[in-house]
Amino acid sequence: MLPLLFVAGAAGGTAGSGLLGEFVGSAASRGRGAEADGIITRTVYPEVPPRVEYALSDLGESMRPIMDAMAAWGTDYKKSKE
């Protein structure tokens, strides 16, 4: 299973700056795009700090064989480099 979890606001409610801020902002942007495309669902929890969870939609689940094949390829490739 490929969990999709993004926690926003872990550092005092802001993503911060620099590399971490760029990663967090980029991940959020990709998540919103995938949500708009119907690949994932997004659930926002009213907590402090705020928490947002992404999960595969039915459409996203239909892509699981592709994602599993890519994960297997990545594992094999990593082992070949060791």
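Below, each value reflects all heavy atoms present in this structure, side chains not excepted, and no hydrogens, waters or symmetry copies.
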- Message: Please report the interatomic distance CE(Met63) to CD1(Ile40), rounded to the nearest 0.5 Å.
- Response: 10.5 Å
- Does Lys79 come within less than 4.0 Å of Glu82, counting only side-chain N to carboxylate O? no
- Message: Same cluster or not: Ile39 versus Val44, using hydrophobic residues (I, L, V, M, F, W, Y) connected whenever any side-chain heavy atoms lie under 4.5 Å apart?
- Response: yes
- Does Asp58 CG have over 12 foreign heavy atoms under 6.0 Å away? no
- Between CG on residue Leu56 and CD on residue Glu61, distance to nearest 0.5 Å: 5.0 Å
- Message: Between Thr41 and Glu35, is there a side-chain heavy-atom distance shorter than 4.5 Å?
- Response: no
- Query: Which pair of non-hydrogen atoms, one from Leu59 and one from Asp37, has the smallest distance, and what is that distance?
  - Reply: CD2-O, 3.7 Å
